[in-house]
Undergrad: 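After the structure tokens below, expect a handful of questions from me.
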Amino acid sequence: MKTRFVIPLIAGLALLCACKGKSGGYEVTGIDSSMADSIKITSLKMVQHKLVKTAGIHFKVKNVQQTAEHITTLTSSFNGMVMHHQMGSTAERSRDMRISDDSVMRVTTFSTSAEMTVKIPSEKLEEFMNQVSKMGIYVNDRSMDISDKSLDYLAAQLKLKSRTELVNQQKSGKIVIKHPEDVLNLKDDMTDEQIGNRQIDDAVKNSIVSLSFFQSNTINKEVIANDDPSAYNIPFFKRLGMAMENGWDLFVEVIIALANIWVFIVAGIGVWIIIRYYKKRVLVKG
């Protein structure tokens, strides 16, 4: 009932839009009442309901890789199409355990998830969602939305009809469009309206379903080379022998250093003897 009252208003707007393009307006002369009379709302059949359905499921599965393969197979069996597919794993925690001088065992916890977007025929949407839900351990969230595009579709049809009438009258010479670029803009608008309605038809025929699923964290163990340089040490006895050699070398260096400063050592001893002798004489005189 609401749509029936809106139709005359849309028709009037469509006639106005036919004379106004993307560039701001089409300059037209020679329009009379015959053009307005040619656009009869009664001649337009009421469009069918254009219901666009979208849905989504977020759920947990046992194995992300296998579930993604099953969903792909299920989508093909419903004559659908996988529009997007992304799967990835993220390392949550990691620990290295040394098992030898040059090897460690790395234990890593991974979380794996995937996202898919599929296009399914609308009449099979409920059945598809039910089968996908059964693949999971449990469903975190499941949703479906329906948007009514009937008025948008009707408005596009009315605009297209009015623009078509305008172009036909321009071709027959009943009206004159002053600027050639306005004709191109008018035809571009007609193309946009046709493409827009085809997009609505496709959205009505096929529903978009967004799927996201995950699995429990997994543990991965791998033996890898130890990349810590400090872990690579030579055997104890060899290190002990090298330490003794280093100690002897240090001792030799000290002797050589003392030999280099022997003059200062002798001078220091002489000064010390003189000071001591002087102190004794002072004590004797006192």
Undergrad: Of all the heavy-atom pairs spanning S89 and F110, show the shortest one and how long it is.
TA: CB-CD2, 4.3 Å

Undergrad: Do K149 and L51 have side chains that approach each other closer than 4.5 Å (heavy atoms only, starting at C-beta)?
TA: no

Undergrad: Mind checking side-chain contact (heavy atoms from CB on, under 4.5 Å) for N168 and listing every partner two or more places apart, or none if nothing turns up?
TA: T164

Undergrad: Where do L211 and I71 land on the side-chain contact (heavy atoms from CB on, under 4.5 Å) test, with the steps shown first?
TA: CA-CA 10 Å; L211 304 173; I71 291 175; 3.8 Å; yes

Undergrad: Going by side chain to side chain donor-acceptor pair (under 3.5 Å), name the residues that satisfy it together with Q65, two or more places apart in sequence or in a different chain.
TA: E69

Undergrad: Passes side-chain contact (heavy atoms from CB on, under 4.5 Å), I120 versus T75? Steps please.
TA: CA-CA 7 Å; I120 297 295; T75 302; 3.8 Å; yes

Undergrad: Cluster question for you: counting only ILVMFWY and a side-chain heavy-atom cut-off of under 4.5 Å, with indirect links fine, are V263 and V266 together?
TA: yes

Undergrad: One pair to check against side-chain contact (heavy atoms from CB on, under 4.5 Å): F128 and L74. What are the steps and the verdict?
TA: CA-CA 8 Å; F128 175 82; L74 181 64; 3.8 Å; yes

Undergrad: Can you list everything that forms a side-chain contact (heavy atoms from CB on, under 4.5 Å) with A55? Sequence neighbours excluded, please.
TA: L125, M129, M144, V209

Undergrad: Sequence neighbours left out, what pairs pass side chain to side chain donor-acceptor pair (under 3.5 Å) with at least one residue falling in residues 202-215?
TA: H58-S212, K119-D202, S122-S207, D202-N206

Undergrad: Looking at side-chain heavy atoms only, is the closest gap between T109 and T218 below 4.5 Å?
TA: no

Undergrad: NE2 of H85 to OG1 of T117: how many Å apart, nearest 0.5 Å?
TA: 10.5 Å

Undergrad: Looking at side-chain heavy atoms only, is the closest gap between M87 and S113 below 4.5 Å?
TA: no

Undergrad: Do you reckon V252 sits in the same ILVMFWY cluster as M244, going by side-chain contacts under 4.5 Å, direct or chained?
TA: no

Undergrad: So H49 and V204, do their side chains get closer than 4.5 Å, heavy atoms only?
TA: no

Undergrad: Roughly how far, to the nearest 0.5 Å, is the CG atom of L240 from the CD atom of E245?
TA: 10.5 Å

Undergrad: Using side-chain heavy atoms (C-beta onward) and a distance below 4.5 Å, is H70 in contact with M135?
TA: yes

Undergrad: Is there a chain of hydrophobic side chains (I, L, V, M, F, W, Y, each step under 4.5 Å between heavy atoms) that links I265 to I273?
TA: yes

Undergrad: Please report the C-alpha distance between E127 and K134 in whole Å, then the side-chain angles of each, then the deciding distance to 0.1 Å, and finally whether the salt bridge (charged side-chain N to carboxylate O under 4.0 Å, His left out) criterion is met.
TA: CA-CA 11 Å; E127 183 181 355; K134 293 177 181 178; over 6 Å; no

Undergrad: Is it true that, when you exclude M97 itself, more than 12 heavy atoms of the residues, nucleotides or ligands shown sit nearer than 6.0 Å to its CE?
TA: yes

Undergrad: Assigning hydrophobic clusters by single linkage (Ile, Leu, Val, Met, Phe, Trp, Tyr; side-chain heavy-atom cutoff under 4.5 Å), is I99 placed with V107?
TA: yes

Undergrad: Without swapping roles, check the side chain of T67 against the backbone of N63 for a donor-acceptor pair under 3.5 Å.
TA: yes

Undergrad: Only counting residues at least two apart or in another chain, list the ones meeting ring-ring contact (aromatic ring centres under 6.0 Å, His included) with W248.
TA: F251

Undergrad: Do the side chains of M81 and M83 get nearer than 4.5 Å, heavy atoms only?
TA: yes

Undergrad: Could you state the interatomic distance from CD1 (I255) to CG (L250), rounded to the nearest 0.5 Å?
TA: 10.5 Å

Undergrad: Show your reasoning for whether side-chain contact (heavy atoms from CB on, under 4.5 Å) applies to D201 and Y153.
TA: CA-CA 9 Å; D201 286 335; Y153 195 90; 3.1 Å; yes

Undergrad: Of the non-hydrogen atoms in I146 and K53, which two are nearest, and what is the gap between them?
TA: CG1-CG, 3.9 Å

Undergrad: Would you name the heavy atoms of V104 and R98 that are closest together and state the gap between them?
TA: CG1-CA, 3.9 Å

Undergrad: Quick one: side chain to side chain donor-acceptor pair (under 3.5 Å) partners of S216, sequence neighbours excluded?
TA: K60

Undergrad: Are S133 and R142 close enough, and set up right, to give a side-chain hydrogen bond (donor to acceptor under 3.5 Å, both in side chains), and what steps lead you there?
TA: CA-CA 9 Å; S133 298; R142 172 173 170 169; 3.2 Å; yes

Undergrad: Roughly how far, to the nearest 0.5 Å, is CZ of R163 from CG of L160?
TA: 8.0 Å

Undergrad: Given side chains that start at C-beta, do those of R106 and R95 come closer than 4.5 Å, heavy atoms only?
TA: no

Undergrad: Does K159 pair with E165 as a salt bridge, N-O distance under 4.0 Å?
TA: no

Undergrad: When clusters are formed by joining ILVMFWY residues with side-chain heavy atoms under 4.5 Å apart, either directly or through shared neighbours, do F214 and V132 land in the same one?
TA: no

Undergrad: Does some side-chain heavy atom of R93 sit less than 4.5 Å from a side-chain heavy atom of T108?
TA: no

Undergrad: Looking at OG of S162 and CD of E193, how far apart are the two atoms once the value is rounded to the nearest 0.5 Å?
TA: 8.5 Å

Undergrad: Say you draw a straight line from CG of D96 to CD1 of I224; how long is it, rounded to the nearest 0.5 Å?
TA: 5.5 Å

